[in-house]
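After the structure tokens below, expect a handful of questions from me.
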Amino acid sequence: MASLDRVKVLVLGDSGVGKSSLVHLLCQNQVLGNPSWTVGCSVDVRVHDYREGTPEEKTYYIELWDVGGSVGSASSVKSTRAVFYNSVNGIILVHDLTNKKSSQNLYPWSLEALSKDSSPTGIIVSNGDYDREQFAENSVPLLLIGTKFDQIPENKRNDVLTRTAFISEDFNAEEINLDCTNPRYLAAGSSNAVKLSRFFDKVIEKRYFTRDPSQMQSFTDRRRFNFKSLHND
């Protein structure tokens, strides 16, 4: 198994949204009993069968890099985090469905990772609008995962899911909503499991089956990012 090819997937989002619990569930298929704050970055590995059930089936390692910290961190902290953003093949954006701010913060999180080489200090955010076309140009596969689905009041569930659907559209990404304390949300054959498998297949295809994988980060030529629709309604 040590000789398996591998891909690197970042797991980004605000502190407290459940990234560590999610990674543990994805890699160990178990609930994390005592979650703690991630300092720096924690890496776990999931074994994934690419194009399972087809003649092209092949097993890969999926490295899940759980990046700790806050999106509002000082520039020195952001600079330290930048080392984790090298050679990224995919990104899972994690937000707390009961915390609207954590959903809005996915925009600067993704821009920080995808524009890490921009100068002089990373992302320059104006007071203007977010431009969804910037994500349309992005070639790094993205997946949106909302946690604490079980904690959304029944009378607010439709509003929350409508709002997050807009966010996934902005990122041109599929979305999965779940409860990290219940493995049944990712049960084999479920729609969530199918979406997850499809995302990992896409990450592997971009890494190993594109003509020039070195062109993965198309954001590095950007110098200014505008925020158009944080969906505050």
Side-chain angles (χ1 to χ4, degrees), residues 1-13 18-32 41-67 83-95 106 109-110 113-114 116 135-147 167-180 182-220:
M1 296 292 286
S3 63
L4 291 179
D5 289 327
R6 60 189 62 212
V7 292
K8 176 180 178 179
V9 175
L10 293 177
V11 181
L12 302 179
K19 299 190 301 294
S20 297
S21 295
L22 173 66
V23 170
H24 190 81
L25 181 62
L26 293 178
C27 295
Q28 310 300 329
N29 195 31
Q30 294 178 344
V31 174
L32 183 60
C41 182
S42 176
V43 182
D44 207 342
V45 177
R46 175 187 173 97
V47 177
H48 174 72
D49 292 324
Y50 169 74
R51 293 184 66 92
E52 185 176 9
T54 73
E56 294 81 21
E57 180 175 338
K58 182 180 177 181
T59 303
Y60 290 83
Y61 280 143
I62 308 292
E63 293 182 349
L64 295 172
W65 290 54
D66 172 11
V67 179
V83 69
F84 305 133
Y85 302 152
N86 293 322
S87 303
V88 172
N89 306 123
I91 298 177
I92 296 177
L93 299 168
V94 186
H95 62 119
L106 294 179
W109 267 116
S110 57
L114 292 168
K116 72 176 185 62
F135 286 98
E137 297 177 8
N138 168 46
S139 62
V140 178
L142 303 176
L143 177 66
L144 183 70
I145 295 185
T147 62
I167 297 174
S168 66
E169 183 179 349
D170 280 347
F171 287 117
N172 190 28
E174 287 194 294
E175 67 171 328
I176 293 174
N177 298 315
L178 48 70
D179 167 16
C180 292
N182 189 343
R184 288 182 296 176
Y185 280 90
L186 292 173
S190 66
S191 61
N192 284 345
V194 171
K195 290 178 182 179
L196 186 67
S197 179
R198 191 158 52 211
F199 168 71
F200 287 143
D201 278 0
K202 187 175 181 180
V203 170
I204 291 166
E205 287 169 358
K206 288 288 187 179
R207 169 64 179 86
Y208 289 102
F209 300 104
T210 54
R211 181 170 299 179
D212 187 6
S214 67
Q215 300 301 313
M216 291 297 292
Q217 298 206 29
S218 61
F219 274 40
T220 55

Note to self: Applying side chain to side chain donor-acceptor pair (under 3.5 Å) to Gln28 and Asp44, what does each step give before you reach the verdict?
What the structure shows: CA-CA 9 Å; Gln28 310 300 329; Asp44 207 342; 3.1 Å; yes

Checklist line | Smallest separation among heavy atoms of Arg51 and Glu205, with atom names | finding: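 That closest heavy-atom pairing would be NH1-OE2, 4.1 Å.
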
Next item on the list: Drop me the distance from Ile204's CD1 to Phe209's CZ, to the nearest 0.5 angstrom.
Entry: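 So the CD1 of Ile204 and the CZ of Phe209 are separated by 8.0 Å.
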
Item checked: side chain to side chain contact (heavy atoms under 4.5 Å, CB included) between Leu32 and Leu25, intermediate numbers included -> CA-CA 7 Å; Leu32 183 60; Leu25 181 62; over 6 Å; no

Check: Going through the checks in order, is the salt bridge (Lys or Arg N to Asp or Glu O under 4.0 Å) test met by Lys58 and Asp5?
Finding: CA-CA 10 Å; Lys58 182 180 177 181; Asp5 289 327; 3.0 Å; yes

Item checked: Closest heavy-atom pair and its distance - Thr147, Cys180 ->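 Answer, listing the atom of Thr147 first, then Cys180: CG2-SG, 3.9 Å.
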
Next item on the list: Grab the two heavy atoms, one from Asn89 and one from Val7, that are nearest each other, plus how far apart they are.
Entry: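 Scanning both residues completely, I find the closest heavy atoms to be OD1-CA, 3.4 Å.
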
Notebook entry, point to check: Are side-chain heavy atoms of Val9 and Val203 found at a separation under 4.5 Å?
Noted result: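 With C-beta onward as the side chain, the pair touches.
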
Next item on the list: Indicate yes or no for a side-chain donor-acceptor contact from Ser21 to the backbone of Gly18 under 3.5 Å, with no hydrogens or angles considered.
Entry: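 Checked: no pair found.
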
Check: Hey, are the side chains of Cys27 and Val45 touching, using non-hydrogen atoms and a 4.5 Å cut-off?
Finding: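 No, their side chains stay 4.5 Å or more apart.
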
Next item on the list: Take Leu106 and Leu144 through the test side chain to side chain contact (heavy atoms under 4.5 Å, CB included) and record every step on the way to the result.
Entry: CA-CA 9 Å; Leu106 294 179; Leu144 183 70; 3.2 Å; yes

Check: If you round to the nearest 0.5 Å, how far is CG of Asn192 from OG of Ser197?
Finding: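 Output value for this atom pair is 12.5 Å.
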
Checklist line | Glu174 vs Ser168 side-chain heavy atoms within contact, under 4.5 Å | finding: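 No, their side chains stay 4.5 Å or more apart.
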
Next item on the list: Using a 4.5 Å cut-off on heavy atoms from C-beta on, say whether the side chain of Tyr185 contacts that of Ser190.
Entry: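 No, side chains not in contact.
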
Notebook entry, point to check: Taking 4.0 angstrom as the limit, do Glu63 and Arg6 come out as a salt bridge?
Noted result: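 Salt bridge between Glu63 and Arg6, a charged N being under 4.0 Å from a carboxylate O: yes.
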
Checklist line | Any donor-acceptor N/O pair, Lys8 side chain to Asn86 backbone, under 3.5 Å | finding: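 Answer holds: yes.
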
Notebook entry, point to check: For Leu26 and Arg46, which heavy atoms make the closest approach, and how far apart are they?
Noted result: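 Distance-wise, the nearest heavy atoms are O-NH1, 2.6 Å.
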
Check: With ring centroids as reference points, do Tyr60 and His48 lie under 6.0 angstrom apart?
Finding: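 No, they do not, as the ring centres are separated by 6.0 Å or more.
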
Check: Do the non-hydrogen side-chain atoms of Ile145 and Leu93 ever get within less than 4.5 Å of each other?
Finding: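 Contact flag for Ile145/Leu93 side chains = no.
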
Next item on the list: Could you tell me whether the side chain of Lys19 and the main chain of Gly13 form a donor-acceptor pair under 3.5 Å?
Entry: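 Pair found, side chain donor or acceptor close to backbone of Gly13.
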
Item checked: Spacing of CZ belonging to Arg198 relative to NZ belonging to Lys202, to within rounding of 0.5 Å ->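 Going from the CZ atom of Arg198 to the NZ atom of Lys202 covers 10.0 Å.
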
Notebook entry, point to check: How long is the gap from OH on Tyr50 to CD on Glu56, to the nearest 0.5 Å?
Noted result: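 It comes to 7.0 Å.
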
Next item on the list: Check the pair Ile176 / Leu196 against side chain to side chain contact (heavy atoms under 4.5 Å, CB included), numbers first and verdict last.
Entry: CA-CA 8 Å; Ile176 293 174; Leu196 186 67; 4.1 Å; yes

Margin query: Nearest 0.5 Å, please: how far is CD1 in Ile91 from CH2 in Trp109?
Written below: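 Here the rounded value is 11.0 Å.
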
Next item on the list: Please assess Asp66 against Ser42 for the test side chain to side chain donor-acceptor pair (under 3.5 Å), listing each intermediate value before the final yes or no.
Entry: CA-CA 5 Å; Asp66 172 11; Ser42 176; 5.2 Å; no

Margin query: Test side chain to side chain contact (heavy atoms under 4.5 Å, CB included) on Tyr85 and Val67; report intermediate values, then the result.
Written below: CA-CA 9 Å; Tyr85 302 152; Val67 179; 4.3 Å; yes

Item checked: Separation of Ser20 OG from Leu64 CG (nearest 0.5 Å) ->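 Those atoms lie 11.5 Å apart.
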
Checklist line | Minimal non-hydrogen separation, Leu142 against Ala173, with atom names | finding: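 Heavy atoms only, the tightest pair is O-CB, 3.2 Å.
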
Check: Does Leu178 reach the side chain of Leu22, with side-chain heavy atoms less than 4.5 Å apart?
Finding: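 Yes. Closest side-chain heavy atoms under 4.5 Å.
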
Margin query: So which atom in Gln30 and which in His24 form the shortest heavy-atom distance, rounded to 0.1 Å?
Written below: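 Here Gln30 and His24 meet closest at O-CD2, 3.1 Å.
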
